[in-house]
Chemist: 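Take this structure first; my questions come after.
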Amino acid sequence: MTDAGVDNHYLRGNFAPVTEEVSASDLPVTGALPRELNGRYLRIGPNPREKVDPATYHWFTGAGMVHGIRLRDGRAEWYRSRFVESEGHAPNTNVLTHGGRLLALVEAGQPPVELTPDLARMAVWDCDGTLSSGFTAHPKLDPATGDLHAVTYNLELGTARYVVLDRDGKAMHATDIAVADGPMIHDMALTETRTIVLDLPVTLAASMRRAQAGKPVSDLPVVWDERHPARIGLLPIGGTGAQIQWIEVPRCFVFHVLNAYDNADGSVTLDVIRYDEVFLRDIHGPGDSVPTLVRWTINPAPGIVHEQVIGDYSVEFPRINAALTGRRHRYGWFAGVGAHGIEITDDVERSRTHEALETGPLVKVDTMTGTSQIHHYGPGRVTMEPAFVPRPGSASEDDGWILSVVHDGNTNLAELVVLDAADITADPIARVHLPNRVPFGFHGNWVDDETA
């Protein structure tokens, strides 16, 4: 997969793809799985199946593999990994359920691929032709209406589009949004009254200029753009592109939004993971810029944004209790990265040598107080994106469980680890031992039997 001439970080260690699909039943469990967890934990990430060129391979472009763990009545019934295959199209970024469909998602012009619950069959789903310009990896579900809101973009068309699917998965609204330079729009935000569009300085135009200048480029056709502004657009729910209000924000890039909500004074709160720059010095991945959790308080009338750093740790892959999407939240759960020697890495010897550098913890941030709780999984053990699962009948925001796949660099295997979301410092409730490793990837979700 690599050659001696190029050391591509995203093709070695636990970034490297696995070569085979795996099935296993009756998985061993340490601890006791909550009997209320009846469903499937699914995650997805890049896993190129064919030989790639390490000189140009970009982590974000590898064809997808989905990993599923079936839990029922306190048992881990099965684990399955499957290459995403459907008419040459293999999403690699997110997997979720909507309108009774289980969907694998990617951005930039490609439609979702529908999966069966047992991961046995796959087929492109374009919402009866209404997603001809593609979809997004990060739609937002309005918990009050059941509508799914998405900001999509297509680099070939050079436009962005705001799309709303109803609770049954039928397109009920679409409007184009004028943007210049072909920006990468990985995520978006939703409040009770507004859709928030991210138009930030990573663009196709900058990549084309780089190629024309004879500089190296990767398979991902966007790079950091010094000429492109950093701004967000406020668009009324169900509004048209002509109604958008653009507001300048601190110069940065945002892959992921924690949440957003309206305030009584007319301002908007938007919590994001901010990077000073990405795709600038490293053409194979995000680069070495350290992510920071910040809160933007946006005053639409004068168009002013105030930024406040939240928490003491560098974090990524933010998650909240999804019942509070677009509403005021207090807690967020994250994978710790970057600062304090915490990295997405399986460098076991480094971790053993420097006890303070235990890798890949889970971080819980109280956005009201700015304090953090940390769960260290141990030397050489790295959590991937967490998912919050509410306890049935729960009344408090953090009453539930955190599920995440943890890579163990000591054994080169993976586990599904269950923590108490209210007290992540406690020992794991349960650890489901998987038969193979799960490469570092992107996103996933818990799909409860009640909603599948």
Side-chain angles (χ1 to χ4, degrees), residues 1 10-11 15 17-22 40 42-53 56-68 80-139 148 150-161 163 165 169-171 174 182-188 204 207 218-222 255 285 438-445 447:
M1 189 65 68
Y10 299 97
L11 288 171
F15 287 96
V18 294
T19 59
E20 297 180 353
E21 298 178 332
V22 174
R40 296 160 180 81
L42 301 165
R43 67 170 286 111
I44 198 169
N47 197 99
R49 195 170 188 175
E50 307 296 334
K51 183 177 177 62
V52 298
D53 182 353
T56 61
Y57 174 74
H58 193 287
W59 185 33
F60 291 7
T61 60
M65 173 179 271
V66 62
H67 303 261
R80 292 170 189 162
S81 59
R82 297 292 185 269
F83 292 103
V84 181
E85 293 184 291
S86 182
E87 302 165 32
H89 169 45
N92 68 7
T93 313
N94 204 353
V95 57
L96 53 78
T97 185
H98 184 69
R101 297 176 178 87
L102 185 61
L103 302 173
L105 305 177
V106 71
E107 61 197 77
Q110 299 289 354
V113 165
E114 184 174 359
L115 316 174
T116 55
D118 59 1
L119 309 183
R121 297 186 307 279
M122 307 178 185
V124 169
W125 179 75
D126 65 357
C127 191
D128 299 324
T130 58
L131 300 182
S132 56
S133 62
F135 202 53
T136 178
H138 289 289
L148 192 67
V151 175
T152 76
Y153 70 101
N154 188 324
L155 292 173
E156 293 182 0
L157 300 178
T159 60
R161 177 171 290 181
V163 179
L165 307 183
K170 298 184 183 301
M184 179 183 188
I185 306 175
H186 185 71
D187 203 350
M188 50 88 70
L204 173 65
S207 182
S218 74
D219 298 330
L220 186 76
V222 292
F255 287 111
V438 175
F440 294 136
F442 302 136
H443 303 289
N445 286 283
V447 178

Chemist: Any chance you could lay out the side-chain contact (heavy atoms from CB on, under 4.5 Å) test for E21 and F83, step after step, and finish with the verdict?
Modeler: CA-CA 7 Å; E21 298 178 332; F83 292 103; 3.5 Å; yes
Chemist: Quick check: closest heavy atoms across F15 and P439, and the distance to 0.1 Å?
Modeler: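 Looks like O-CB, 4.4 Å.
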Chemist: Backbone N or O of D219 within a donor-acceptor pair of the T56 side chain at under 3.5 Å?
Modeler: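 Answer holds: no.
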Chemist: Got a second to check how far L115's CG is from R101's CZ, nearest 0.5 Å?
Modeler: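 Here the rounded value is 12.5 Å.
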Chemist: Would you name the heavy atoms of R161 and A174 that are closest together and state the gap between them?
Modeler: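 Heavy-atom minimum between the residues: CD-CB, 4.3 Å.
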Chemist: Please check: side-chain N/O of N154 versus main-chain N/O of E156, any donor-acceptor pairing under 3.5 Å?
Modeler: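 A pair under 3.5 Å: yes.
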Chemist: Check whether any side-chain heavy atom of M184 lies under 4.5 Å from a side-chain heavy atom of Y153, and answer yes or no.
Modeler: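 When only atoms from C-beta onward are counted, Y153 and M184 do touch, with a gap below 4.5 Å.
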Chemist: Do S81 and V18 have side chains that get closer than 4.5 Å, going by heavy atoms?
Modeler: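 No; the side chains remain at least 4.5 Å from each other.
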Chemist: Report the C-alpha separation of L165 and F135 in whole Å, then their side-chain angles, then the decisive distance to 0.1 Å, and conclude whether the side-chain contact (heavy atoms from CB on, under 4.5 Å) test is met.
Modeler: CA-CA 11 Å; L165 307 183; F135 202 53; 4.1 Å; yes
Chemist: Using modelled atom types only, decide if a donor and an acceptor are shared between the side chain of N92 and the backbone of G62 within a distance under 3.5 Å.
Modeler: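 Yes.
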Chemist: Indicate the atoms forming the closest heavy-atom contact of A171 with C127, along with that distance.
Modeler: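 Where A171 meets C127 most closely, the heavy atoms are N-SG, 3.6 Å.
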Chemist: Quick check: does any side chain N or O of E85 sit under 3.5 Å from a backbone N or O of M122, one acting as donor and the other as acceptor?
Modeler: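 No, E85 side chain to M122 backbone: no donor-acceptor pair under 3.5 Å.
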Chemist: In terms of relative ring orientation, are F60 and F255 parallel, tilted or perpendicular, with 30° and 60° separating the classes?
Modeler: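 Ring orientation, 0 to 90° scale: perpendicular.
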Chemist: Quick check on side chain to side chain contact (heavy atoms under 4.5 Å, CB included): which of V447, L105, L102, I44 does L96 satisfy it with?
Modeler: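 Between L96 and the candidates, side chain to side chain contact (heavy atoms under 4.5 Å, CB included) is satisfied uniquely by L105.
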Chemist: Determine the minimum heavy-atom distance between V124 and P111, stating which atoms define it.
Modeler: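 Looking at all heavy atoms of both residues, the closest pair is CG1-CG, 3.6 Å.
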Chemist: Look up atom CG in D128 and atom NZ in K170, then write down how far apart they are to the nearest 0.5 Å.
Modeler: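 Answer for the CG-NZ pair, D128 versus K170, is 6.0 Å.
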Chemist: Please report the interatomic distance CE(M65) to CZ(R43), rounded to the nearest 0.5 Å.
Modeler: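 Going from CE on M65 over to CZ on R43, the span is 13.0 Å.
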Chemist: If only atom types and distance count, is the side chain of R82 paired as donor or acceptor with the main-chain N or O of V22 below 3.5 Å?
Modeler: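 Answer holds: yes.
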Chemist: If I take atom OH from residue Y57 and atom CH2 from residue W59, how far apart are they, to the nearest 0.5 angstrom?
Modeler: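 CH2 of W59 is found 9.0 Å from OH of Y57.
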Chemist: Please report the closest heavy-atom contact between V84 and P91, naming both atoms and the distance.
Modeler: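 Heavy atoms only, the tightest pair is CG1-CD, 3.5 Å.
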Chemist: Which pair of non-hydrogen atoms, one from L131 and one from V163, has the smallest distance, and what is that distance?
Modeler: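 Distance-wise, the nearest heavy atoms are CD2-CG1, 4.3 Å.
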Chemist: Tell me if a side-chain donor or acceptor on T136 pairs with a main-chain N or O of A150 at a distance below 3.5 Å.
Modeler: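 Answer holds: no.
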Chemist: Measure from the side-chain N and O atoms of N445 to the backbone N and O of L42, and report whether any donor-acceptor pair falls under 3.5 Å.
Modeler: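 Looks like no, no N/O pair under 3.5 Å.
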Chemist: Is it true that a side-chain atom of R40 and a backbone atom of P117 form a donor plus acceptor pair closer than 3.5 Å?
Modeler: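 Yes; at least one donor-acceptor contact below 3.5 Å.
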Chemist: Rounded to the nearest 0.5 Å, what separates atom CG in L119 from atom CZ in R80?
Modeler: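 It is 7.0 Å, given to the nearest 0.5 Å.
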Chemist: For the side chain of H89 and the backbone of V113, is there at least one donor-acceptor N/O pair under 3.5 Å apart?
Modeler: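 No: the side chain of H89 does not pair with the backbone of V113.
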Chemist: Over 60° means perpendicular and under 30° means parallel, so classify the ring planes of H138 and H443, tilted if in between.
Modeler: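 Perpendicular.
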